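Letters A, B, ... are given to chains in the order of the sequence lines, protein chains preceding strands, and every chain is numbered from 1. Because the structure is predicted, anything quoted here is derived from the model rather than measured.
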Amino acid sequence: MKQIKQIQTHLIISGSFTDLYATGKIITFCAISQRGDLDYAFHLFRHLPNSSTFIWNTMIRAFAEKNQPIQANSLYKEMLHSTGFFPNNYTFSFVLKACAELTNVFVGREFHSHIVKLGWESYDFVLNGLIHMYANCDCVGSARKLFDASLNLDVISWTALVNGYVKNGQIEVAKHLFDQMPERNSVSWSAMITGYAQVGMFREALELFNEMQLGGFRPNHAGIVGALSACGFLGALDQGRWIHAYVDRNRIELDRVLGTALIDMYAKCGCIDTAWKVFNEMPERDVFAFTSMISGLANHGQSASSVQLFLKMREEGVKPNEVTFICVLSACSRMGMVEEGRKIFESMSRVYEIEPQVQHYGCLVDLLGRAGMLEEATRIVREMPLEPDSYVLGALLNACKMHGDVELGKETVESLIQRSLDHGGVHVLLSNIYASERRWEDVAKVRKDMEDKNVKKVPGCSLIEVDGVVREFVAGDRSHVFMENIISLLLVITKQLKDFPFDDDVGIELPQ
DNA sequence: CTAGGGTTAG
């Protein structure tokens with residue numbers, strides 16, 4: 001930037017500042033390059049003695065690429081009212097990109113009408129931009145209309161539409177379209193793989209990842225990230241390790257996104273040490289990497305490290321987001337770190353300027369409730385500024401179960417029913433509360449209610465890979481042939497855990 | 001001067 005300013009000074013002195021080619025080069029560098037300075041480019045742009053369509057386009061492009069879609073669009077509007085500069089195919093592909101990011105289809109339709117009026121609709125870049133914009137705004141029907149009417153489709157149009165159906169939750173339609181594609185490349189494969197991962201179809205994601213390679217396509221960055229995410233959810237450690245080795249072998253850049261995906265995969269597969277290793281090796285860590293690691297530690301019962309890492313974020317200048325707080329608060333909750341949790345909750349709005357959402361109140365209620373502070377938990381539910389949801393009340397109910405408070409449990413279930421938040425789990429918890437008090441008649445009544453109202457409890461389940469085979473565990477499932485041996489071994493382990501001298505003093509100092 | 005695919009949650 002320093003040299004750029006020198007060049008600029010030179011241009012002014014030599015009178016070449018009116019040279020559109022030279023100023024265009026400077027604006028492009030400042031606005032687009034990673035080492036540039038968009039604000040400075042805009043400042044220059046405002047003070048140019050004359051301009052060009054190219055320069056307008058470059059500014060609009062820069063705002064679109066640097067996640068400032070509103071500025072991009074208002075600059076476009078300004079361009080329309082300017083004298084002598086008309087939007088062209090380039091302008092529209094930038095504006096549509098901004099619009100897709102805005103996910104505001106009303107603005108998008110307005111641009112669409114301009115595009116039709118000026119005759120750019122069937123130009124390939126503009127058409128693909130339109131399909132992408134509609135798909136991203138969750139208007140896959142409009143995207144489809146353009147797609148069906150066009151004679152100018154390519155692999156990019158197809159991929160954009162596949163992605164639209166994924167976003168819309170129509171994964172089967174997306175797959176059907178994917179199968180029909182006349183031509184596929186790594187990007188289209190990745191789109192379908194991550195599509196499966198995003199809707200929770202992890203096996204299908206991994207199958208497609210393997211199929212992609214059998215088809216001779218090399219997995220790229222996004223495809224790898226999607227596959228790793230699937231590995232984490234499936235507990236598919238072997239596959240995940242293989243992908244990690246592939247990344248190393250092919251010198252694929254371990255950037256923030258890929259690093260986070262690896263951390264998440266290892267943590268979910270039980271390898272918290274390897275997750276740490278990846279975390280420490282990352283050259284740059286953003287809020288996603290930190291949150292992923294904090295969550296992994298919490299899930300491994302290492303709450304103290306989880307909170308320490310949360311505090312370290314601030315030292316590294318990384319600002320936590322709403323998800324980070326959910327992870328760190330649940331870490332506190334699990335290890336009974338009430339004071340730490342309370343302080344962190346309180347710091348949300350005061351220090352980090354994030355207003356607690358209903359989920360955060362859920363964590364707080366869980367924290368207090370598990371620790372047996374039922375009165376305070378109830379007070380939070382009563383006084384919180386948001387309407388409590390099923391998680392908040394569920395946390396309270398769970399606390400009632402843990403601490404045997406039948407009356408509060410009943411009240412909580414009542415308020416859940418009033419708000420129509422009672423799913424199967426709620427009734428099961430209530431019946432368990434009665435059971436712990438040996439009130440069998442009440443237990444039977446709840447169970448009968450459930451049958452009458454036809455509420456079903458979805459059993460919890462978990463997956464892990466052992467020797468390359470993915471095993472599934474379902475809560476309450478006793479169908480295994482060695483069930484008796486398993487249960488007696490579990491009893492032994494439970495006894496050993498109870499006798500284990502855990503160190504309750506986690507020794508963390510929180511800043512005031 | 002242009003387009004499609006990406007990570008964290010209870």
A/F325 CZ - B/dT8 P separation (whole Å):
19 Å
Can you find a donor-acceptor pair, distance only, under 3.5 Å between A/S93 side chain and B/dT2 base?
yes
Phosphate-side-chain proximity, A/Q357 and B/dA9, N/O vs OP1/OP2 below 4.0 Å:
no
A/H132 NE2 - B/dG4 P separation (whole Å):
5 Å
Distance below 4.0 Å between A/K97 side-chain N/O and B/dT2 OP1 or OP2
no
From CG of A/L228 over to P of B/dT8, roughly how many Å is that when rounded to an integer?
10 Å
Nearest-Å distance for atom pair OH/P, residues A/Y134 and B/dG4
17 Å
note: A/L367, atom CG; B/dG10, atom P; distance rounded to Å ~ 15 Å
Neighbour count >12 (heavy atoms, 6.0 Å) for atom CZ, A/R342:
yes
In terms of ring plane angle, is the pair A/F42 and A/F45 parallel, tilted or perpendicular, where the classes change at 30° and 60°?
parallel
Classify the side chain of A/N185 and the base of B/dG4 as holding, or not holding, a donor-acceptor pair under 3.5 Å.
yes
Just the rounded figure in Å: distance from C1' of B/dG4 to CG of A/N163.
8 Å
For A/F288 and B/dT7, do the ring centres fall under 5.5 Å apart while the planes stay under 30° apart?
yes
Salt bridge present between A/E110 and A/K117 (N-O < 4.0 angstrom):
no
Just N and O in the side chain of A/K268: are any of them under 4.0 Å from OP1 or OP2 of B/dT7?
no
A/Y90 aromatic ring stacked with six-membered ring of B/dC1, 5.5 Å and 30°
yes
For A/R249, does the CZ atom sit with more than 12 other heavy atoms under 6.0 Å from it, leaving out its own atoms?
yes
Ring centroids of A/Y391 and B/dG10 base under 5.5 Å with planes under 30°
yes
